[in-house]
Amino acid sequence: MLKYCTNCQTEFGENHKFCAGCGSPRNSSGHVIQSGDQSVNTIGSEINNSNIHIGDNINNSNNIDPELLNLKREFVNLPWTSDGALAKSSTFKKLGAWGSLASIIGLFIPFFTTSLFSIQPIVFLFFGICFSMLILSMVLPRRRFEHLSGLKNLEIGTSGKIYITKISAECPWCGSEMNLRMVGPKNQREHLLMCTRNPAQHRIIFDPTALPDIEK
């Protein structure tokens with residue numbers, strides 16, 4: 001075993017496994033990695049396939065005061081409504097329920113007709129849309145916030161109306177705009193506010209409860 005530390009030359013005690021001077025392992029052969037205030041020092045070592053955080057950037061932080069983010073909600077304008085509402089939750093439920101029932105009936109029509117034209121692909125598509133509307137009408141009133149696609153989300157107001165919204169914020173580290181995105185593996189996707197200037201490091205886990213209620 002080594003008698004002197006290869007990093008700082010401090011003599012090891014008889015039963016010491018780590019250097020009393022710098023903390024390096026006794027079995028180290030000169031390959032040392034040290035970290036200090038906002039720095040990383042390596043001696044004879046390589047760092048591969050690892051994430052290194054230096055400084056004040058915080059990844060996936062969920063301990064930031066929402067007031068510091070200046071959260072903004074933007075309503076997507078829709079041509080058929082003046083207040084930006086997509087529809088009422090009750091309308092989604094009725095259309096979803098009746099549409100799903102009609103689709104199920106439509107699946108059996110080809111068995112009672114001699115027509116060579118099959119409408120089953122269209123019926124399956126219609127059923128998928130209507131059933132999704134039915135599920136959404138039951139889930140959204142409880143969760144109040146669901147991701148739609150891209151930067152767009154679905155939210156429900158206190159009056160039961162459903163809106164398409166975009167959420168943005170101010171990056172607490174660099175002051176740039178942050179956009180809300182759904183990212184991650186298929187089974188572990190999460191809402192993240194991502195900085196447009198440094199999206200790889202400036203990320204914040206988004207909590208929908210930080211948003212005020214929609215009282216339109």
Co-membership, hydrophobic cluster, residues [X] and [Y], 4.5 Å side-chain:
| X | Y | answer |
| --- | --- | --- |
| Ile164 | Met133 | yes |
| Leu86 | Leu136 | yes |
| Leu140 | Leu78 | yes |
| Val76 | Leu211 | no |
| Leu148 | Leu180 | no |

- Item | side chain to side chain donor-acceptor pair (under 3.5 Å) involving Lys161 - partner list, sequence neighbours excluded |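 For Lys161 the side chain to side chain donor-acceptor pair (under 3.5 Å) partners, ignoring immediate neighbours, are Asp83.
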- Set of side chain to side chain donor-acceptor pair (under 3.5 Å) partners for Ser100, sequence neighbours left out: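 Partners of Ser100 under the side chain to side chain donor-acceptor pair (under 3.5 Å) test: none.
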- Item | Arg73 bridged to Glu155 by N-O distance under 4.0 Å |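 Salt bridge present between Arg73 and Glu155.
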- Query: Does CZ belonging to Phe126 count more than 12 external heavy atoms closer than 6.0 Å?
  - Reply: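 Open.
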Inter-residue atom distance [X].[atom1] - [Y].[atom2], 0.5 Å rounding:
| X | Y | atom1 | atom2 | value |
| --- | --- | --- | --- | --- |
| Ile122 | Ser103 | CD1 | OG | 11.5 Å |
| Leu71 | Leu68 | CG | CG | 10.0 Å |
| Cys171 | Asn198 | SG | CG | 7.5 Å |

- Query: Within the distance-only criterion (no hydrogens, no angle test), does the side chain of Asp213 pair as donor or acceptor with the backbone N or O of Glu215 below 3.5 angstrom?
  - Reply: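 Side chain of Asp213 to backbone of Glu215: no pair is present.
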- Message: So does Glu177 get a backbone contact from the side chain of Thr196, meaning a donor-acceptor N/O pair under 3.5 Å?
- Response: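 Judged by distance alone, yes, a pair lies under 3.5 Å.
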- Mind telling me whether Trp173 and His202 have parallel, tilted or perpendicular rings, with 30° and 60° as the class edges?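 Taking Trp173 first and then His202, their aromatic rings sit tilted (interplane angle of 30° to 60°).
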- Message: Can you tell me how the ring of His191 sits relative to the ring of Phe206, calling it parallel under 30°, perpendicular over 60° and tilted otherwise?
- Response: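 Ring orientation, 0 to 90° scale: perpendicular.
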Test item: [X] and [Y] side chains (from C-beta on) under 4.5 Å apart, heavy atoms:
| X | Y | result |
| --- | --- | --- |
| Phe127 | Ile104 | yes |
| Met178 | Pro172 | yes |
| Leu69 | Glu170 | no |
| Val183 | Arg189 | no |
| Leu134 | Phe92 | no |
| Phe75 | Ile214 | yes |
| Ile167 | Thr165 | yes |
| Leu192 | Arg181 | no |

- With sequence neighbours excluded, give me every side chain to side chain donor-acceptor pair (under 3.5 Å) pair touching residues 124-144.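 Non-adjacent pairs meeting side chain to side chain donor-acceptor pair (under 3.5 Å): Arg143-Glu146.
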- Message: Run Ser89 and Ile156 through side-chain contact (heavy atoms from CB on, under 4.5 Å) and show every step you take.
- Response: CA-CA 8 Å; Ser89 176; Ile156 189 169; 3.8 Å; yes
- Ring centers of Phe131, Phe124 separated by less than 6.0 Å: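 Aromatic pair excluded; centres sit 6.0 Å or further apart.
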- Task: Provide the closest heavy-atom pair for Leu151 versus Asn179 in the form atom of the first, atom of the second, distance.
- Result: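 So the minimum-distance heavy-atom pair works out to CD2-CB, 4.0 Å.
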- List the atom of Met194, the atom of Pro199, and the distance in Å for their closest heavy-atom pair.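 In this case the closest contact between Met194 and Pro199 is CE-O, 3.8 Å.
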